[in-house]
Amino acid sequence: MATLLYRLGRTAFRRRWLVVLLWAVILGGAGAGAVTAPASSDDGTSFMPGIEAQKAFDLIGERFPGTDANGADARIVFVAPAGEKVTAAGNRAAIDALVREAADEPKVLNAVSPFKAGAVSEDGSTAYATVNFTVKADDLTDADKAALEKAIGEARTSGLTVEVGGTALAEQPAAGGSAEVIGIGLAAVILLITFGSLAAAGLPLLTAVLGVGTSMAAITALGSVFGLSLTTGTLASMLGLAVGIDYALFVVSRYREERANGHVPGEAAGLAVGTAGSAVVFAGLTVVIALAGLTVVGVPMLTKMGLCAAGAVVVAVLVALTLVPALLGMWPDAVLSRRTRKGGPARRATDNAGSRWARFVMRRPVAVLVACVAGLGVLALPAASLEMGMPGAESKPASSTERRAYDALADGFGAGFNGPLTIVVDARGAAGTKAATAAVKEIAKEIGATDGVVSVSSARFNPAGDTALFSAVPATGPNDEHTKDLVRTIRSERAALERATGATFEVTGSTAMNIDIAQALQAALVPYLAVIVVLALLLLLVVFRSVLVPIKAAFGFLLSVLAALGSVVAVFQWGWGAGLLGVEQAGPIMSLMPIFLVGIVFGLAMDYEVFLVARMREAYVHGDRAPDAVVSGFRHSARVVVAAAVIMIAVFSGFVGSGESMVKTIGFGLAVAVLFDAFVVRLALVPAVLALLGDKAWWLPGWLDRLLPRVDVEGAGLATAPPVAGGEAVPQEPVRV
C-alpha cells in the first residue's frame with residue numbers, strides 16, 4: 001500500500017498539469033450535467049417497505065385509481081376575529097368562496113368545506129378545510145401554488161385569520177450554503193493558526209471545496225434519475241467538506257515534515273502520500289463502509305443519504321491522493337514555513353505540546369482513564385431514554401404558517417386533529433357490496449368506541465366498492481406516547497373484527513407511518529451498532545496488526561457515540577439549552593438520525609484512530625520502545641489531529657443553523673461526537689490505555705499474523721534515498737525492507 005501510494009504521489013507531483021487538467025474536466029463535466037439535468041423529484045419508492053403503514057399506503061394507491069397516497073394536501077385553518085364565529089354570514093361566505101376557488105384548480109382532487117364536513121370547533125371560533133391534490137408536493141408548479149395562495153389572501157381580507165398546514169405550501173428549507181461558508185471561514189482561521197502560512201492553510205480549503213463541488217454537481221446531475229433529495233445533498237456536502245479538509249491537511253502536514261527533514265519536493269510528496277496517504281485511504285474506507293452499510297437498514301431514503309455521502313468521501317480521498325500532490329508540485333515551497341523557505345536549518349522538534357501532553361497522561365494513566373470513562377458515561381445516560389419519531393409542524397418556528405396552523409387546530413379541536421389516523425378497510429373478504437358496507441360500518445363503530453379516539457369520519461369507498469377509507473382522530477398529539485399506545489390498541493382489535501365481519505383493516509397516515517418507522521429503526525439501531533463495532537475490530541486488526549488496539553478503539557467509539565446520543569437526547573428531546581440552538585419545541589429525536597449518526601461517527605472515530613495510532617505504530621515498527629512510540633505519535637500528530645477535529649466541529653456546527661430539523665440535529669450530534677472522540681477518547685483515553693498495556697498493545701498471535709494481509713499503513717516498506725540538498729534530484733524507487 002505505502003509503495004503504491006508513494007509512486008502515485010510522485011507521479012502526481014511530476015505530471016501536475018495533467019492531474020489538474022483531469023480534475024478540471026471531471027468538475028466541468030459534472031457541472032454541465034448538473035445544469036442540464038431535469039429537476040429531481042421523489043421516485044415514488046416506498047419510504048420503508050414492510051411496515052404496516054407503508055403497506056396500507058400502497059393499498060390505497062392500488063385500490064383508489066387516480067389517487068396518490070403521497071399526494072400533496074393543504075389543511076387551511078380559519079380563526080374568526082375575537083368575539084365572532086366562523087359560522088357568521090360574512091365569515092362563512094369567505095370560507096366557502098375559498099373552497100370553491102380551490103376546487104376549480106385542475107390538480108385538486110377535492111376540497112371539502114368545513115361546514116359540510118363538520119370541521120367546525122364546538123365554540124365556533126375555528127374551522128378547517130382540507131384540499132387534496134392529485135400529485136405530490138414536488139410536482140406542484142409555482143402557478144398551482146400561486147392560485148391557492150391567491151384564494152387564501154382573499155379570505156384574509158375578510159378579517160379571518162387563515163393559516164396553512166400540510167405539504168402543498170410547506171416552506172422548503174434553503175440549501176445549506178451559509179453553513180458551508182461559516183464552516184470554511186472557521187476552517188481557514190484554524191489552518192492559518194496551525195500552519196502559519198496562507199498557502200498551507202489555503203491548499204486544503206481549495207481542494208476540499210473542489211471535491212465538494214464535484215460531488216454536489218454529480219448528485220444534482222443524477223438527482224432526477226435516483227430521486228436524490230435536498231437533504232441527501234446537504235449531508236453529503238457536510239461530510240465531504242469536513243473530511244476533504246482533514247485529508248488534505250494530513251498530506252500537506254506530512255509533506256512539510258518531510259521537507260523539514262531535508263527531502264527534495266518530489267520525494268517529500270511521494271513520502272507524504274505513501275505514509276499519510278495510506279492513513280487517508282483506510283480512514284476514508286472506514287467512513288465509506290459505515291455509510292454504505294446503511295443500505296442494510298432497509299430505508300431507501302437512508303440508503304440514498306449513505307451512498308451519496310460515501311461518494312463524497314471517495315472523491316475527498318482521491319483529491320487528497322492526486323490533486324494535493326499535484327498542487328504541491330506547482331508551488332513546492334509555498335506551503336513551507338517562512339523559516340524553511342528562507343533556507344534556515346530544519347527545526348526538529350523533540351518536544352512540543354503534543355509530546356508533553358502524552359507524557360502527562362502516561363504518568364497518571366489510571367486517573368485519566370477513569371475520568372474519561374466516567375465523564376462520557378454520565379453524558380451517555382440520557383441515551384437510555386431515547387424516543388424516536390418524526391417531528392412535524394410543531395417543531396417549526398412560531399413565525400411559520402405551518403406552526404401557526406398546527407397551534408390553531410390544537411386550540412380549536414384538540415392536539416389529535418394534527419395527526420389523524422387513516423384506516424384502510426379491505427372488504428374483499430365480505431360477501432357482496434351490502435356485506436362490505438356493513439363490515440366497514442362495524443369496524444368504524446368499534447374503532448370509534450376505542451378509548452383515546454375522539455371521532456371517526458364517514459367512510460369513502462373506492463369505485464369497486466371493496467375498499468374504504470375513513471379517519472380516526474386521537475385525543476392526543478402525533479408524538480404523544482398515548483397516541484402510540486392507541487395505534488397498538490386499534491391494531492390489536494383487528495383479529496376479532498376480521499372474524500366478525502370478514503373484512504380486515506390497516507392503520508396508516510402520517511402519524512401511524514412515523515410510529516412504525518420509529519419502532520423499526522429503533523429495533524435496527526443495536527444490530528447496526530454491533531455490526532460496525534465488529535467491522536471496526538476487523539479493519540483495525542488488519543491496519544495495526546494488533547489484537548488489543550482494535551478492542552480499545554471500538555470501546556472508545558462506543559463511548560463517543562453513546563455520549564453524543566445522550567447529548568442529543570438532553571438537548572432535542574428533553575429541551576436542555578434547546579433555545580440556544582433555535583429549537584422551537586423539544587420532542588422525539590428524528591427517526592433516521594440515531595442510525596445515521598452512529599454510521600458517521602464510526603467513520604470519523606476511526607479517522608482519528610488511524611491518523612494518530614498509525615504514527616505510533618510507525619515509530620514502534622522503526623524501533624522505538626512502546627512508551628516512546630506513543631510520545632512520538634503525539635509529537636508528530638497531536639497538533640494536526642486537534643486542528644482536524646476543530647475544523648470538523650466548525651463545519652458541523654455551521655449546520656446547526658439549518659431550518660431542517662434532521663440536518664440541525666445531525667449537525668449538533670456530529671459536532672459533539674467529534675469533540676468527545678477527538679479530545680477525550682483519542683487524545684486522552686488512547687494514551688492512557690497504551691501506557692497501561694506497554695508492549696502488549698502491539699501483540700498479535702503468530703498464526704493470525706500469517707493469515708492477515710499486510711497493508712503497510714505505517715510505511716515500513718519504504719526505504720528512500722538519502723535526502724538531497726539543493727536542486728530537484730530524482731529520488732530512487734522505494735524498496736522492500
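Just the heavy atoms: all of them, side chains too, but no hydrogens, waters or symmetry mates, feed the values below. Just so it is clear, the model here is predicted, and its values are computed rather than measured.
Within the cation-pi definition used here (under 6.0 Å to the ring centroid, within 45° of the axis), R16 qualifies as a partner of F13.
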Derivation of the side-chain contact (heavy atoms from CB on, under 4.5 Å) call for L336 and R256: CA-CA 6 Å; L336 304 180; R256 282 164 51 104; 4.2 Å; yes

Going through the checks in order, is the side-chain contact (heavy atoms from CB on, under 4.5 Å) test met by V569 and W574? CA-CA 6 Å; V569 169; W574 293 354; 3.9 Å; yes

Where do L540 and V610 land on the side-chain contact (heavy atoms from CB on, under 4.5 Å) test, with the steps shown first? CA-CA 8 Å; L540 295 181; V610 172; 4.1 Å; yes

Verify side-chain contact (heavy atoms from CB on, under 4.5 Å) between L271 and N261, making sure each step is shown before the conclusion. CA-CA 11 Å; L271 289 171; N261 288 337; over 6 Å; no

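Taking the charged nitrogens against the carboxylate oxygens, R254 and E618 do have a contact shorter than 4.0 Å, which makes a salt bridge.
The only member of L597, T665, V568 that meets side chain to side chain contact (heavy atoms under 4.5 Å, CB included) when paired with L670 is L597. Under the side chain to side chain contact (heavy atoms under 4.5 Å, CB included) test applied with F557, the options I532, V681, L562 reduce to a single match, I532.
Rounding to the nearest 0.5 Å places CG of L700 at 9.5 Å from CG of L707. Rounded to the nearest 0.5 Å, atoms CG (L565) and OG (S385) are 12.0 Å apart. Atoms CZ and CG, from F634 and N352 in turn, are 11.0 Å apart once rounded to the nearest 0.5 Å. Interatomic distance, CZ of F544 versus CZ of F282, reported as 10.0 Å (0.5 Å rounding).
At most 12 non-hydrogen atoms from other residues, nucleotides or ligands lie less than 6.0 angstrom from CG of L198.
Taking the six-membered ring for Trp and thresholds of 30 and 60 degrees, F611 and F250 have nearly parallel ring planes, at less than 30 degrees apart.
For R364, there are no salt bridge (charged side-chain N to carboxylate O under 4.0 Å, His left out) partners two or more places apart in sequence or in a different chain.
Pairs passing the side-chain hydrogen bond (donor to acceptor under 3.5 Å, both in side chains) check and including a residue from residues 311-329, sequence neighbours excluded, read W23-T322.
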